[in-house]
Amino acid sequence: MNFTGAHILSISQFQRQDVEQIFSVADRMEPYALRKRVTRVLEGAILGNMFFEASTRTRVSFGSAFNLLGGEVRETAGFESSALVKGESLQDTARVLSGFSDVICMRHPQEGSVADFASASRVPVMNGGDGANEHPTQALLDLYTIGRELQAKGRTIDGLRIAMIGDLRHGRTVHSLSKLLSLYSNIQVMLISPKELALPGAIIEQMRSAGVTVTVSDELNNSIANVDIVYSTRIQEERFTSKAEADLYRGKFRLNQAIYTKHCEPNTVIMHPLPRDSRSDANELDSDLDNNPNLAIFRQTDNGLLIRMALFALVLDVVDKVDDFSREVHWYNSRQQ
Amino acid sequence: MNFTGAHILSISQFQRQDVEQIFSVADRMEPYALRKRVTRVLEGAILGNMFFEASTRTRVSFGSAFNLLGGEVRETAGFESSALVKGESLQDTARVLSGFSDVICMRHPQEGSVADFASASRVPVMNGGDGANEHPTQALLDLYTIGRELQAKGRTIDGLRIAMIGDLRHGRTVHSLSKLLSLYSNIQVMLISPKELALPGAIIEQMRSAGVTVTVSDELNNSIANVDIVYSTRIQEERFTSKAEADLYRGKFRLNQAIYTKHCEPNTVIMHPLPRDSRSDANELDSDLDNNPNLAIFRQTDNGLLIRMALFALVLDVVDKVDDFSREVHWYNSRQQ
Amino acid sequence: MNFTGAHILSISQFQRQDVEQIFSVADRMEPYALRKRVTRVLEGAILGNMFFEASTRTRVSFGSAFNLLGGEVRETAGFESSALVKGESLQDTARVLSGFSDVICMRHPQEGSVADFASASRVPVMNGGDGANEHPTQALLDLYTIGRELQAKGRTIDGLRIAMIGDLRHGRTVHSLSKLLSLYSNIQVMLISPKELALPGAIIEQMRSAGVTVTVSDELNNSIANVDIVYSTRIQEERFTSKAEADLYRGKFRLNQAIYTKHCEPNTVIMHPLPRDSRSDANELDSDLDNNPNLAIFRQTDNGLLIRMALFALVLDVVDKVDDFSREVHWYNSRQQ
């Protein structure tokens, strides 16, 4: 696809070569994210960071990514807008707000809302999450992380063996990642969840017809034995008839260091879309894993910055100018100590 | 008036020559708003964008206008301030916050609050709306839009024929626009509203004594026949004893393409202060007008950016330096495709 | 201490020489705060201004301080974070958010939360206030203000005589200031409060063992007779069994111009951490003092900007580069009129 001026609404937009182009640009953003260099390539450009639903980390990640390219950020955090409350259409909102910026990132609780908004926007729009529907930058950062973790072992995404664990029915990150994986070869996916929270059949079918080997299980320990990546997600208590029932399931899908050591191959990478629940009766990823160097959950969020920088650079067509506007960082850099 | 260092609190501050000066500077801001060029004239300056009442679009418009001149924006969005809740006076708040910026834009639900705040501020203050009282940049952008629309037809504001429709009693935009129009010659104003929502007599008197020809009507179709501009506003349901009664009135003041075609002169310009209610039982401006090139409602919000840039440049005395600090834009510009 | 890369969590971190270093750097920041010059030394750096509790003025002060050094600010204002609500640990939040910025300022209602957050952060963290525990920049700006006010009279902090008035039991600003004063010589502290709201004994003991002369009183007029500084704080009504009881006490601790003239030495400096309650039945510092040139309350907030700039410059190790990246301001500067 031609990224220049494009809306980024759904992972369905991408062919494998598009994903690889994004990842290649993301790699080039790393010196800036690591504060080895600073670039002003987007000095004077404005991001409209329109979060009509609260989300501190995603909002700040998009905003920081734009700042790291030298641009300014105007934003809204949460549903303050009296205009939308008063019955203004999303198209009207889009036409007004798109007059104030060069690119917009939008999050909104309603499925399809971001595409609706984009249809009337006069600048490129990025989907920061529209309800249960899409959150394309999360799927991209997940796959990018998988690629980097494998690359460190001399491997590629082709040939990946991954276990996805937890509420596979409702987790949009898992749905999107499944679709992206279908673009690659020799993928083996192990789906581990309570039967009630199984991945929707349509997504399984789509993966299988793309050549992905899909196995389904409702048991954790043996299913994580032969994978490269364990991708854990939250068991969503609110989906069950009672907390007691949720706890029953939850107990079977918690990962901790003891289970990891006993059942996983050495150096199996552990991922999670975050936030993870730290309360002792709910945690799906125990904090005793925090010193495990294969815990990649914070590398995921770091990589999110690279992916978002890459998308901004691609959409605004400045990829090849980023370095030209750069210089060394001269302040204290905690990332290089 | 001398704009340098001045507070912008009310349209009553302006003589005709002041309005024309603002419009002339606004014209010069257009290449920056259209992203043909970028300027850093206010690099290092800080706008305190203090919105003590939610308003996404006005807040973002002021912030973007300042960013477009190269400045930074610190802001508050909504009534979070525990200080004001704890009984701090607006003057104390002003003296503290004005220590942190070079210019302040303030919105507050209470009439007179912005002038109160400005009286203690150590930097220039712009009124971003103080309850039912004033919203001077809205009135300026409305008149500026009228001027540009007429100019495109080889006309000037002098000689304007305008119909104002809807809740003329409570709409502060209509009040302010009426006052500004009194600065011009040969103005004909047609006021179209339910009798209960008529423009206050004092404003009508003020217009008439300034030489404006004012006609009053409670009927839409024939009243919009001979005007250059139709300025529509919302019928505010909450002002009536029942929704049923409001609907009765509302039905008589809705504009759609069919009515427009049948009753208006060709190329009559349609304006509205926005937001317009898109719900089918409430809309005063039908969405079937959206492809009508004379619908100027989004040109109004675009022009708001120019007006706010102009005011910042005037108040901070950098009008003649804007171009000196400018360069071409080198990223993708959707406005020039 | 070595400031480079350090967390700023508590005034207990500082020795006298550290405090003096901060004050010396703060002095050097003044031309930038007064807009005589502008510096871009932190151009490209990002402050994560994470306020998980509302506080307009402190949040804006930190943000403006960073902007004045040329940096960008990403922020959150209030407890919007669904992640923390969903049970994410502060350490996880810290590890994620610290990936997005070069330095973080954090406020959170829970005591100890900022230190907890800092322990997992990958960038330096500044405490913007953690509940009743610490608010180190407030204590620093208070002492810095005291030093400047005395310096104007050819005096130093050594030898200071100060009266602290009001709710000394709960006011964390008074606690922190008391500890900082213990680093200096020949300090005389007069503590004036209802017995129920006396300064905690441990803090009095700590001051006395550091050589501070501490006197305790529950009467205002005679106790303010021989001091250089009157530091007033709010009587916190909510700590009493009834408003009537609070009013009884409150009446005895209000300062106004008449009491000041009658009881204080000429040029006694009046301070207050703000906000002060302007409601007539609650005000501890009457507005008839507003024209008294010894009222230093707004100099305190102005100085806060200098202290925060100094801390950012120290922690990011750019103190000696600030001037190199500077130039004159060319816009209207209300502070120099």
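Just so it is clear, the structure is predicted and the values come from calculations on it, not from any experiment. To find a chain, count down the sequence lines: A is the first, B the second, and so on, and within it residues start at 1.
For the side-chain hydrogen bond (donor to acceptor under 3.5 Å, both in side chains) with R74(B), the qualifying choice from N67(C), T56(C), N49(C) is N67(C), the only one to do so.
Highest contact tally toward chain B, considering only G63(C), A33(C), S61(C), is held by S61(C) [criterion: heavy-atom pairs under 4.5 Å]. Comparing V315(B), L97(B), V318(B), L42(B) by heavy-atom pairs within less than 4.5 Å of chain C, the highest count is held by L42(B). In terms of non-hydrogen atom pairs under 4.5 Å with chain C, the most contact-rich of A313(B), G5(B), S101(B) is G5(B). Ranked by heavy-atom pairs under 4.5 Å with chain C, the first of D102(B), L316(B), V73(B), T4(B) is D102(B).
Within the structure, salt bridge (Lys or Arg N to Asp or Glu O under 4.0 Å) contacts touching residues 284-296 of chain C (residues at least two apart or in different chains) are R276(C)-D290(C).
Looking at heavy atoms from C-beta onward, E75(B) lies out of side-chain contact with V60(C) at the 4.5 angstrom threshold. Using a 4.5 Å heavy-atom threshold, the side chains of F298(C) and V96(B) count as touching. A heavy-atom distance below 4.5 Å is found between the side chains of E88(B) and R57(C).
Neither the backbone nor the side chain of L69(C) has a heavy atom closer than 4.5 Å to any heavy atom of chain B. At a 4.5 Å heavy-atom cutoff, Q91(B) makes no contact with chain C through either its backbone or its side chain. E43(C) touches chain B through its side chain: at least one heavy atom from C-beta onward sits under 4.5 Å away, while N, CA, C and O do not. Within the 4.5 angstrom heavy-atom criterion, only side-chain atoms of F325(B), from C-beta onward, approach chain C. When heavy atoms are compared at a cutoff of 4.5 Å, V103(B) does not approach chain C at all.
Within a 6.0 Å sphere centred on CZ of R40(C), heavy atoms belonging to other residues, nucleotides or ligands number more than 12.
Taking CD1 from I46(B) and CG from L68(C), the interatomic distance works out to 4.0 Å, rounded to the nearest 0.5 Å. One finds the CZ atom of F3(B) at 14.5 Å from the OH atom of Y332(C) (value rounded to the nearest 0.5 Å).
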Let's go through D317(B) and W331(C) carefully: what are the C-alpha distance in whole Å and the side-chain angles of both, what is the deciding distance for side-chain hydrogen bond (donor to acceptor under 3.5 Å, both in side chains) to 0.1 Å, and is it a yes or a no?
CA-CA 6 Å; D317(B) 193 21; W331(C) 59 80; over 6 Å; no
T301(C) vs R95(B), side-chain hydrogen bond (donor to acceptor under 3.5 Å, both in side chains): CA-CA, chis, key distance, verdict
CA-CA 9 Å; T301(C) 55; R95(B) 282 167 79 168; over 6 Å; no
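Within residues 302-309 of chain C, the residues having any heavy atom under 4.5 Å from a heavy atom of chain B are, by residue number, D302(C), L305(C). Within residues 17-32 of chain B, no residue has any heavy atom less than 4.5 Å from a heavy atom of chain C. Chain C is approached within less than 4.5 Å, heavy atom to heavy atom, by R122(B), V123(B), P124(B) from residues 112-124 of chain B, ordered by number.
Under the 3.5 Å distance criterion, the side-chain polar atoms of H330(C) are left unmatched by any main-chain donor or acceptor of K321(B).
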